[in-house]
Amino acid sequence: NGDVGGLNCSDPNDFGSNVQVSIDKTVDVTQINENDSVKVYGMGLGAIKGQNAFGGDITTGGALGIHIMDLTTGYSNY
């Protein structure tokens, strides 16, 4: 189903370089800021298809984030 061992999203302005991460409500997203480096440990969910805000069809990689670590601030959801 297209699962990958890793997703590299180093350029957020590259439309082919994004991933949707599903996270638990216990993750404090206010601790993750713009330009932070974030490491996500979880399970690949394969390709996710949907529509963007303009109604165009998109496909992106998906992951279930089990452990989120902000490498910039040190925040972790352990």
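Numbers here are sequence positions counted from 1.
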Partners of F54 by ring pair (Phe, Tyr, Trp, His ring centres under 6.0 Å), sequence neighbours excluded? none
With no hydrogens and no angle check, is any side-chain donor or acceptor of D70 less than 3.5 Å from a backbone partner on T73? yes
Would you mind reporting whether Q51 and D57 have side-chain heavy atoms less than 4.5 Å apart? yes
In short, A47 meets T59 closest at the heavy-atom pair CB-CG2, 3.8 Å
How about H67 and N77: do any of their side-chain heavy atoms sit closer than 4.5 Å? yes
V29 with I68, same ILVMFWY side-chain cluster at under 4.5 Å: yes
First locate atom CG of L71, then atom OG of S76, and finally report the distance between them rounded to the nearest 0.5 Å. 10.0 Å
Any donor and acceptor pair, going by atom type alone, linking the side chain of T72 with main-chain N or O of S37 inside 3.5 Å? yes
Give a yes or no on whether the backbone of D36 and the side-chain of N33 come within a donor-acceptor separation of less than 3.5 Å. no
What about V40 and Y75, same hydrophobic cluster or not, with Ile/Leu/Val/Met/Phe/Trp/Tyr joined at side-chain heavy-atom distances under 4.5 Å? yes
Transitive ILVMFWY side-chain link V21 to I32, under 4.5 Å: yes
